[in-house]
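Quick one: this structure, given as structure tokens, is what I'll be asking you about.
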Amino acid sequence: MANFFTDNPDLLHHLNHPMMRKIVELKERNFADAENFDYAPLNFEDAMDNYTRVLEVVGDICANIIAENAESVDHEGASCSDGRAHYASATVDNLKACRQAGLMGMAMPRRFGGLNFPITPYIMAADIVSRADTGFENLWGLQDCAETLYEFGSEDQRARFIPRVCEGETMSMDLTEPDAGSDLQSVMLRATQKEDGTWVLNGVKRFITNGDSDIHLVLARSEEGTKDGRGLSMFIYDKRNGGVTVRRIENKMGIKGSPTCELVYKNAPAELCGSRRMGLIKYVMALMNGARLGIAAQSVGCSEIAYREALAYAKDRRQFGKAIIEFPAVAEMIAVIKAKLDASRTLLYECARYVDLYKAYEDIARERTLTPDERKECKQYNRLADALTPMAKGLGSEYCNQNAYDCIQIHGGSGFMKDYACERLYRDARITSIYEGTTQLQVVAAIRHVTTGTYKALIDSYAATEVRPELQAIKDRLAALTEKYVAAVEHVSAVEDSAYADFMARRLVEMAGNLVMSYLLLLDANRDAKFEKSLTVYVNLAAAEISRHAEFINTFDPAQLPNYLQH
């Protein structure tokens, strides 16, 4: 039988990264759970074997159920009637298979019914699910909302809600509104506290993924008279309590199996999660970072199937007496798709590892005081995760769209027809660079790590690693490209104009991303020679992009800026 984990050795390469030992030891607290849970690992090797076995189950279900259902789910889509959203029939089957296999609440502690997975293997499962059906990842992957509930909810809320997620109930994050999309400070859904201390919610939410879920995390305005983010709090809404109806679901271009809902709250009972006024400032930021990492995984999974569809078609399709993969123009396109896939995947898992490390320390801090060295490490890993998350989401989703585009192009006219999966893939891919913060907003989040030197310090740490002699020439080339990046950053900073700096931000972030992914591929190739081809192809792409951006920055006259900004 097919298996989407075992047929992709690149996944095992990233799962077996040397940093995983530290992650597992922190996550498992000296493997103390083995005394109380018969499925808890006894040691590092046992834990890694456990992750591998669960990922094999994910790969099996994805290949033989979810992927097989993807076409019918896309065709049927979700529907809305009587104030409720209804999944496509095959989506119901997909969720049932995941529940029966115990794949819900994977990252939650065992005491709540979860598997206590680190973020890295959980994100790997999301990568695999997205390859099977990009839209289904939006339903399955929203279980990571439970992470926010675990971090900021009370112990009573954790005990009541998290086991339900682990048993298979679905979640959603209800943030955006008709007049508050990316600008969440403008959220106006009202939270009113009654005399008995309980809360009710009134208002409308729009563009809510899986909006008719069982358990919702809701951003609402709790402080009367406020108009900014300081008046917003986070609430938990339980569908069992009623008060919310689905006004409609959106008729979307893609990811049709995932119902995107407009919700009407009418005196809906809710519980305050965490502290008042911290909803946007603290809790949504954490929620969004998790969601953005999930979209980065979704983008990589989508790129994976784009590569496989393109490669299979190019080998099979014959023109002028030979397979079209034998034509250099087509062969180059496939090599570029694979290089962008490998680059975005290595960035995804580097980011996931840093998230794992800082979250493990934060969780330990709930049990005891961290040592000074632990606090320092936690802060360092948090900063790195904060730097790489927008980069992984922003650049990974752009590569996903480019790869889906090229997959269609390789199919030619056939790719425009619904007979081939690439047509659905192309529609599904488009949203990845839009939701959970557009690429432009990811640049806004990432640029401060350009100006503060976070990316440069990370690049320097990669450059300090010794590589095999046959890779030294590429490493030297990356050092020269790093100098171009540093010069570009200094050039932009010297102008001392905020509008000019904002204008150049995308170019600087892309240059940093090109270098980070190039170095990560270099380290991958240093561990396993199979990545050398993608490394060579990607560094050539990166060199062209970095040089292009450097040339634009060096020759651009700031006096030209009004021509771009005034209309």
Side-chain angles (χ1 to χ4, degrees), residues 1-14 56 59-60 62-72 74 127-134 254 298-346 396 398-430 432 517 521 524-525 528-541:
M1 294 177 70
N3 189 298
F4 283 0
F5 176 68
T6 59
D7 74 355
N8 188 353
D10 294 356
L11 296 174
L12 203 56
H13 168 87
H14 290 293
E56 286 176 358
D60 179 21
C62 284
N64 300 297
I65 298 176
I66 298 172
E68 292 296 320
N69 288 338
E71 187 65 31
S72 68
D74 180 67
D127 181 347
I128 297 167
V129 170
S130 301
R131 171 186 166 188
D133 183 347
T134 307
Q298 186 179 50
S299 298
V300 169
C302 193
S303 280
E304 177 71 37
I305 191 62
Y307 167 66
R308 289 174 180 264
E309 291 288 321
L311 179 63
Y313 186 84
K315 287 181 175 180
D316 183 66
R317 175 66 169 165
R318 300 184 67 83
Q319 291 282 274
F320 306 104
K322 57 184 178 182
I324 64 172
I325 198 170
E326 296 182 39
F327 294 103
V330 175
E332 181 196 12
M333 290 175 72
I334 292 174
V336 168
I337 291 173
K338 184 62 162 69
K340 289 177 178 176
L341 164 62
D342 287 347
S344 56
R345 177 171 277 140
T346 195
E398 291 294 329
Y399 283 172
C400 167
N401 274 273
Q402 293 164 19
N403 288 343
Y405 179 99
D406 285 345
C407 181
I408 291 267
Q409 192 70 17
I410 287 168
H411 280 72
S414 296
F416 199 66
M417 308 301 163
K418 290 186 178 290
D419 299 4
Y420 289 85
C422 59
E423 182 272 340
R424 167 173 49 85
L425 175 69
Y426 184 69
R427 291 185 285 106
D428 287 348
R430 187 62 190 89
T432 59
M517 286 186 277
L521 279 175
D524 287 337
D528 192 331
K530 71 181 178 182
F531 289 98
E532 288 183 17
K533 178 181 175 181
S534 282
L535 169 65
T536 300
V537 173
Y538 188 77
V539 169
N540 285 335
L541 292 172

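Atoms considered below: every heavy atom in the structure, side chains included; atoms not considered: hydrogens, waters and symmetry mates. For this chain, numbers begin at 1 and follow the sequence in order.
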request  = Please round to the nearest 0.5 Å and tell me the distance separating atom CZ of Phe531 and atom CG of Asp10.
outcome  =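 Between atom CZ of Phe531 and atom CG of Asp10 there are 4.0 Å.
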ask   = Any donor-acceptor pair under 3.5 Å linking the side chain of Asp74 with the backbone of Ala70?
value =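 No; zero donor-acceptor contacts below 3.5 Å.
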task = Evaluate side chain to side chain contact (heavy atoms under 4.5 Å, CB included) for Phe5 paired with Leu12, printing each intermediate quantity in order.
result = CA-CA 8 Å; Phe5 176 68; Leu12 203 56; 3.8 Å; yes
ask   = With a 4.5 Å limit on heavy-atom distance, are the side chains of Leu311 and Ile410 in contact?
value =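 Sidechains of Ile410 and Leu311: no contact.
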ask   = Distance-only, no hydrogens or angles: does the Asn401 side chain make a donor-acceptor pair with backbone N or O of Ala429 under 3.5 Å?
value =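 Yes, because the side chain of Asn401 sits within donor-acceptor range (under 3.5 Å) of the backbone of Ala429.
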key: Closest heavy-atom pair and its distance - Arg308, Asp7   =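 So the two residues come closest at NH2-O, 3.3 Å.
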key: Arg318 to Gly321 - nearest heavy-atom pair and separation   =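 Minimum heavy-atom contact is NH2-O, 2.7 Å.
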inquiry  = I want to check something: taking the side chain as every heavy atom from C-beta on, are Val300 and Ser130 in contact at a cut-off of under 4.5 Å?
reply    =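 The answer is no; the side chains never approach within 4.5 Å.
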ask   = What are the two closest heavy atoms between Gly59 and Ile128, and how far apart are they?
value =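 Smallest heavy-atom distance, with atoms named: CA-CG2, 4.0 Å.
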request  = Just do the side chain to side chain contact (heavy atoms under 4.5 Å, CB included) check on Glu304 and Phe4 with the steps written out, would you?
outcome  = CA-CA 10 Å; Glu304 177 71 37; Phe4 283 0; over 6 Å; no
message = Working to the nearest 0.5 angstrom, can you tell me the gap between Asn403 CG and Met333 CE?
response =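 Answer rounded to 0.5 Å: 10.0 Å.
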request  = For Leu535 and Asp524, run side chain to side chain contact (heavy atoms under 4.5 Å, CB included): C-alpha distance rounded to whole Å, both residues' side-chain angles, the deciding distance at 0.1 Å, then the answer.
outcome  = CA-CA 9 Å; Leu535 169 65; Asp524 287 337; over 6 Å; no
ask   = Is there side-chain contact between Cys422 and Tyr313, with heavy atoms separated by less than 4.5 Å?
value =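 They are not in side-chain contact.
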ask   = For atom CD of Glu332, is the number of surrounding heavy atoms from other residues, nucleotides or ligands below 6.0 Å larger than 12?
value =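 Check fails, neighbour count at 12 or below.
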query = What's the shortest heavy-atom distance between Leu541 and Val336, and which atoms?
reply =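 Looks like CD1-CG1, 3.9 Å.
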query = Between the side chain of Asp316 and the main-chain N/O of Ala312, is any donor-acceptor distance below 3.5 Å?
reply =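 Not at all, since once roles are kept as given, no pair shorter than 3.5 Å links the two residues.
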key: Minimum side-chain heavy-atom gap Glu309-His411 below 4.5 Å   =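 Yes. Closest side-chain heavy atoms under 4.5 Å.
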inquiry  = Below 30° counts as parallel, above 60° as perpendicular, anything between as tilted: where do the rings of Tyr426 and Tyr405 land?
reply    =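 Because their plane-to-plane angle lies in the 30° to 60° range, the rings of Tyr426 and Tyr405 count as tilted.
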task = Could you tell me the separation between the CD1 atom of Ile337 and the CD atom of Gln409, rounded to the nearest 0.5 Å?
result =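 Taking CD1 in Ile337 and CD in Gln409, the distance rounds to 10.5 Å.
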message = I need the Leu341 CG to Ser299 OG distance, nearest 0.5 Å.
response =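 If I round to the nearest 0.5 Å, the distance is 11.5 Å.
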query = If every non-hydrogen atom of Glu56 is compared with every non-hydrogen atom of Thr6, which pair is closest and at what distance?
reply =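 Nearest pair, atom of Glu56 first, then Thr6: CG-CG2, 3.9 Å.
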query = Parallel, tilted or perpendicular: which fits the ring planes of Phe327 and Phe320, with parallel below 30° and perpendicular above 60°?
reply =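 Plane angle over 60°, so perpendicular.
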query = When rounded to the nearest 0.5 angstrom, what is the spacing between CD1 in Ile324 and NZ in Lys315?
reply =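 With rounding to 0.5 Å, CD1 (Ile324) is 12.5 Å from NZ (Lys315).
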ask   = Taking 4.0 angstrom as the limit, do Lys338 and Asp342 come out as a salt bridge?
value =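 Counted as a salt bridge, because a side-chain N and a carboxylate O are separated by less than 4.0 Å.
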message = Would you say NZ of Lys530 has more than 12 non-hydrogen atoms from neighbouring residues, nucleotides or ligands within 6.0 angstrom?
response =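 More than 12 within 6.0 Å, yes.
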ask   = So Ile334 and Tyr307, side chain to side chain contact (heavy atoms under 4.5 Å, CB included) or not? Walk me through it.
value = CA-CA 7 Å; Ile334 292 174; Tyr307 167 66; 3.8 Å; yes
key: Arg430 CZ: over 12 foreign heavy atoms closer than 6.0 Å   =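 12 or below, so no.
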key: Nearest-0.5 Å distance that lies between atom CG in Asp419 and atom CD in Glu71   =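 The CD atom of Glu71 is 9.0 Å from CG of Asp419, to the nearest 0.5 Å.
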query = Looking at side-chain heavy atoms only, is the closest gap between Arg317 and Val330 below 4.5 Å?
reply =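 No; the side chains remain at least 4.5 Å from each other.
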query = What closest approach, in Å, do Thr346 and Met517 show between heavy atoms, and which atom pair accounts for it?
reply =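 Of all heavy-atom pairs spanning Thr346 and Met517, the closest is CG2-O, 4.3 Å.
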request  = Could you check Arg345, His14, Gln298 and say which one makes a side chain to side chain donor-acceptor pair (under 3.5 Å) with Asp127?
outcome  =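 That would be Arg345; it is the only one of Arg345, His14, Gln298 passing the side chain to side chain donor-acceptor pair (under 3.5 Å) with Asp127.
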